[in-house]
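For ligands, and for the atoms within them, numbers begin at 1 and follow the listed sequence. Fair warning: this is a prediction, and the values are worked out from it, not measured in the lab.
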Amino acid sequence: MLVQQSSALKDEIMRLKKEKDVVILAHNYQIPDVQDVADFTGDSLGLSRQAATVSQKTILFCGVNFMAETASIISPDKRVLIPDLEAGCSLSDSITVDELRDWKKQHPGAIAVGYVNTTAEIKAELDYCCTSSNAVNVVNAIPEDKEILFLPDMFLGSYVAKMTGRKNMHIWAGECHVHAGIRPEDVQEKLNSLKDAEFVIHPECSCTTPMMYDVADGSYDQNKVSILSTEGMLNHVHQSKSKNFVVATETGILYKMRQQNPGKTFIPASDKAECQYMKMITLEKVYDALVNEKNVVTVPKEIADKARLAINRMLEIS
Ligand code: 13P
Ligand code: SF4
């Protein structure tokens, strides 16, 4: 889209959201134009918290489906719209409700902990929900003698098991294709190319596991390493005294990192780390959803009521 067209569309979206009393929430992986029109940007946990507290009656959620569903479950009295109903998530697709029920049958008495990247139906089967920023604290809140079923991300699961020292955690073998695709070779090449770079990494990355032992003592090949959620990354790079960073997550995060830290250099661990689902949300679709008040995300009440218990537990643990 031409710059002039995009700026006119942005002005119109800003006007309409005020007129219609709509709040726009956007995930940190959204394209820059969409982040620009948002009232709040953030990670999954931060956006869930915003959804619970905003005063507007309508939330236009610029992210993927499970995030919009979570907002709708937390705020049943609000209307949640998503610019594209087809914006899915390979990680949330990696477990079905039947698979989860079978798994639970095999481990009676176990506590089911699921990442927020799951469908509402899956959340209704969980004891606890968690996000990348509070998964370690959620698992630490569960009595040590209780078996845990952790799903669906195996890399986040291994990271949490390592950080908590839990031996009784069973981990589902799911993954996010974007993060699983960032290979240790990509990381090494980028770290070699940028002098004295710090390395920030999302726990969904497949390279987290082999690096864990180095990361546990705070370094990887002499580079300072931090494993963080997307919002955790933004806070960390802002506070750090370092000037250079290699960033292992979806590349959408770089927009805000560069905007908030003009004197620092950020390079992606892999240029190919793009989530096509997040990128389905365009400025035109935001406008269309707003103007026509369409693409309402609804979760059946009996599923939402059950899922809310696990989500509220997640929100209580920071
Ligand atoms: P965050 O919770 O860190 O924002 O991650 C969400 C996500 O989809 C990662 O791929
Ligand atoms: Fe899902 Fe991965 Fe996309 Fe995040 S980056 S929304 S986990 S597919």
Side-chain angles (χ1 to χ4, degrees), residues 25-31 34-35 38 40-51 61-71 74 82-95 113-120 122-123 129-138 151-157 159-160 172-182 200-208 226-237 247-257 268-281 297 311 314-315 317-318:
L25 305 183
H27 189 265
N28 290 324
Y29 297 158
Q30 290 292 293
I31 58 167
V34 170
Q35 294 196 38
F40 300 100
T41 54
D43 64 2
S44 314
L45 185 61
L47 294 178
S48 302
R49 288 195 198 288
Q50 289 294 349
F61 207 113
C62 299
V64 293
N65 223 295
F66 74 82
M67 296 180 175
E69 274 187 348
T70 306
I74 296 172
I82 186 166
D84 191 328
L85 284 164
E86 300 298 311
C89 167
S90 59
L91 181 53
S92 87
D93 286 346
S94 62
I95 186 163
V113 180
Y115 197 28
V116 71
N117 297 43
T118 44
T119 61
I122 294 279
K123 287 190 180 83
C129 202
C130 70
T131 72
S132 55
S133 62
N134 72 354
V136 169
N137 292 345
V138 167
L151 64 123
D153 191 87
M154 60 178 154
F155 303 113
L156 177 65
Y159 169 68
V160 172
W172 190 258
E175 63 177 30
C176 151
H177 71 294
V178 179
H179 287 87
I182 303 176
V200 285
I201 175 168
H202 196 279
E204 281 173 31
C205 290
S206 58
C207 49
T208 332
S226 311
I227 300 184
L228 296 160
S229 74
T230 56
E231 199 61 23
M233 285 181 177
L234 286 163
N235 294 334
H236 176 80
V237 300
V247 183
T249 192
E250 211 272 354
T251 54
I253 189 97
L254 296 166
Y255 176 59
K256 214 158 137 194
M257 278 183 176
S270 164
D271 303 281
K272 290 189 226 106
E274 266 210 2
C275 174
Q276 66 269 46
Y277 303 112
M278 286 281 179
K279 272 37 184 187
M280 285 169 82
I281 311 299
V297 176
I311 295 172
M314 164 183 92
L315 294 175
I317 301 172
S318 55

For the atom pair [atom1] ([X]) and [atom2] ([Y]), what is the distance rounded to the nearest 0.5 Å?
X: Glu204; Y: Cys176; atom1: CD; atom2: SG; value: 5.0 Å
X: Asp84; Y: Tyr277; atom1: CG; atom2: OH; value: 12.0 Å
X: Leu25; Y: Arg49; atom1: CG; atom2: CZ; value: 14.0 Å
X: Ile227; Y: Met233; atom1: CD1; atom2: CE; value: 9.5 Å
X: Asp93; Y: Thr119; atom1: CG; atom2: OG1; value: 8.5 Å

Could you tell me whether a side-chain N or O of Asn235 sits under 3.5 Å from a main-chain N or O of Gly232, the two making a donor and an acceptor?
->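 Absent.
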Hey, which of His179, Lys279, His202, Gln30 is the one that makes side chain to side chain donor-acceptor pair (under 3.5 Å) with Glu250?
->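 Result for side chain to side chain donor-acceptor pair (under 3.5 Å) with Glu250: Lys279.
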Atoms of ligand 2 less than 4.0 Å from Glu204 heavy atoms?
->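 Listed by number with element, the hits are 7 (S).
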List below, pair by pair, the N or O atoms of ligand 1 and of the protein that are less than 3.5 Å apart, including the distance to 0.1 Å; reply 'none' if no pair qualifies.
| residue | atom | partner | partner atom | Å |
| --- | --- | --- | --- | --- |
| ligand 1 | 2 (O) | Ser44 | N | 3.4 |
| ligand 1 | 2 (O) | Ser44 | OG | 2.8 |
| ligand 1 | 2 (O) | Ser132 | OG | 3.4 |
| ligand 1 | 3 (O) | Ser132 | OG | 2.9 |
| ligand 1 | 3 (O) | His202 | NE2 | 2.8 |
| ligand 1 | 3 (O) | Thr230 | N | 3.0 |
| ligand 1 | 3 (O) | Thr230 | OG1 | 3.4 |
| ligand 1 | 4 (O) | His27 | NE2 | 2.7 |
| ligand 1 | 4 (O) | Ser44 | N | 3.3 |
| ligand 1 | 4 (O) | Thr230 | OG1 | 2.8 |
| ligand 1 | 5 (O) | His202 | NE2 | 3.3 |
| ligand 1 | 8 (O) | Asn117 | ND2 | 3.2 |
| ligand 1 | 10 (O) | Glu204 | OE1 | 3.0 |
| ligand 1 | 10 (O) | Glu204 | OE2 | 3.4 |

Ignoring hydrogens and angles, state whether a donor on the side chain of Thr249 or Tyr29 is under 3.5 Å from an acceptor on the partner side chain.
->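 A donor-acceptor contact under 3.5 Å links the two side chains.
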Who are the side-chain contact (heavy atoms from CB on, under 4.5 Å) partners of Ser94, not counting sequence neighbours?
->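 Partners of Ser94 under the side-chain contact (heavy atoms from CB on, under 4.5 Å) test: Leu91, Pro152.
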Apply ring pair (Phe, Tyr, Trp, His ring centres under 6.0 Å) to Phe66 and list each qualifying residue two or more places apart in sequence or on a separate chain.
->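 Per chain and number, Phe66 pairs via ring pair (Phe, Tyr, Trp, His ring centres under 6.0 Å) with no residue.
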Go around atom 1 (Fe) of ligand 2 and count every protein N, O or S atom nearer than 2.8 Å.
->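 Atoms of protein N, O or S type lying less than 2.8 Å from atom 1 (Fe) of ligand 2 total 1.
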